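In what follows, every chain begins at residue 1, and chains take the letters A, B, ... in the order their sequences are listed. Since the model is a prediction, treat every value here as computed from it, not as a measurement.
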Amino acid sequence: MNKIHQIYSILYKSFGKQGWWPTTLEDELHPKHHGKAPKNDKERFEIIIGAILTQNTNWKNVEKAIFNLNKNQLLEINKIKKINKKRLASLIKPSGYFNQKAERLKLIADFYSKNKNPTREELLNVKGIGPETADSILLYALGKPSFVVDAYSKRIFSRLGLCDGKCSYDRLQELFHKSLPKKTKLFNEYHALLVELGKNHCKTKPICKECPLKKLCSYS
DNA sequence: TACCAGGTCCTCG
DNA sequence: CGAGGACATGGT
């Protein structure tokens with residue numbers, strides 16, 4: 001078992017199954033983790049919307065925005081395409097960058113309505129979708145094994161001494177891809193577990209005391 | 001009060 | 001390429 005896999009094993013044992021991506025269940029208005037893969041285009045679309053809204057933003061704020069959309073029954077491809085951009089911006093206001101994001105939501109709605117099974121390249125050509133958002137969509141909405149690298153994974157793996165502090169997105173993703181079996185389920189849980197570690201222990205200002213990776217890490 | 005949060009685009013060297 | 005600024009709200 002290599003180090004990358006060993007870290008996963010420790011995190012899973014510490015935190016348990018995460019059940020990402022959070023989505024809104026039938027007859028509710030708030031998204032939550034329930035461990036079920038999306039089963040239709042509407043549910044996949046909600047994940048895509050969430051992936052855009054959470055760019056550099058706390059998920060709690062995104063929840064408020066998604067709640068507003070649900071309350072108005074607007075979390076549907078054609079409704080996002082048609083809604084007035086100003087009104088959309090005001091509804092997603094809590095998620096921050098609301099003008100940019102309103103624009104991006106409309107662009108991705110147009111794109112997704114025409115292409116329900118996009119490649120990574122195609123996603124990256126949509127304005128507002130960078131590598132992390134593209135991989136989140138591929139992994140969590142479309143069920144394809146593309147590892148999601150984010151601020152947390154960079155921070156954690158650089159503190160562990162497994163990557164350079166300023167290594168590129170693609171470099172770090174490659175490390176995961178070559179060290180792990182290409183399994184959607186595994187990539188799903190691994191990324192979610194890294195977020196959990198990043199939120200609770202490996203923060204900007206780290207709290208190493210009860211970190212499950214303490215023994216593997218020389219940072220503190 | 002200042003900093004941070006599940007990034008991306010644009011511009012400039 | 002890569003660094004640096006803009007985009008913005010809500011929680012601590």
For [X] and [N], give me the distance from atom [atom1] to atom [atom2], rounded to whole Å.
X: A:D170; N: C:dG2; atom1: CG; atom2: P; answer: 10 Å
X: A:L53; N: B:dG7; atom1: CG; atom2: P; answer: 13 Å
X: A:Q55; N: B:dC10; atom1: CD; atom2: P; answer: 13 Å
X: A:E132; N: B:dA5; atom1: CD; atom2: C1'; answer: 12 Å
X: A:E196; N: B:dA5; atom1: CD; atom2: P; answer: 15 Å
X: A:R155; N: B:dA5; atom1: CZ; atom2: P; answer: 5 Å
X: A:N125; N: B:dC9; atom1: CG; atom2: C1'; answer: 14 Å
X: A:E63; N: C:dG11; atom1: CD; atom2: P; answer: 12 Å

| field | Whole-angstrom distance between C:dG10 and B:dT8, as gauged at atom P | value | 23 Å

| said: Between A:L107 and A:Y112, is there shared hydrophobic-cluster membership here, with clusters defined by ILVMFWY side-chain heavy atoms closer than 4.5 Å? | reply: yes

| field | Cluster overlap A:L139 with A:I4, hydrophobic side-chain contacts below 4.5 Å | value | yes

| query | Are A:I77 and A:K116 close enough that some pair of their side-chain heavy atoms sits under 4.5 Å apart? | reply | yes

Under-4.0 Å side-chain N/O to phosphate OP1/OP2 contact, [X] with [N]:
X: A:T133; N: B:dT8; result: yes
X: A:N99; N: C:dA8; result: yes
X: A:T204; N: B:dA5; result: yes
X: A:K60; N: C:dT12; result: no

| What nucleotide among C:dA8, C:dG10, C:dA3 has an atom nearest to a side-chain atom of A:K166? | C:dA3

| Looking at C:dA8, C:dT9, B:dC10, which one has an atom nearest to any side-chain atom of A:K127? | B:dC10

| message | By nearest heavy atom, map A:G130 and A:K203 onto DNA chain B; which one lands nearer the 5' end? | response | A:K203

| task | Find which nucleotide of DNA chain B each of A:A51 and A:R104 is nearest to by heavy atoms, and output the residue with the more 5' nucleotide. | result | A:A51

| Near-ring test A:F187/A:F176, centroid separation under 6.0 angstrom | no

| Carboxylate-amine/guanidinium proximity below 4.0 Å for A:K17 and A:E189 | no

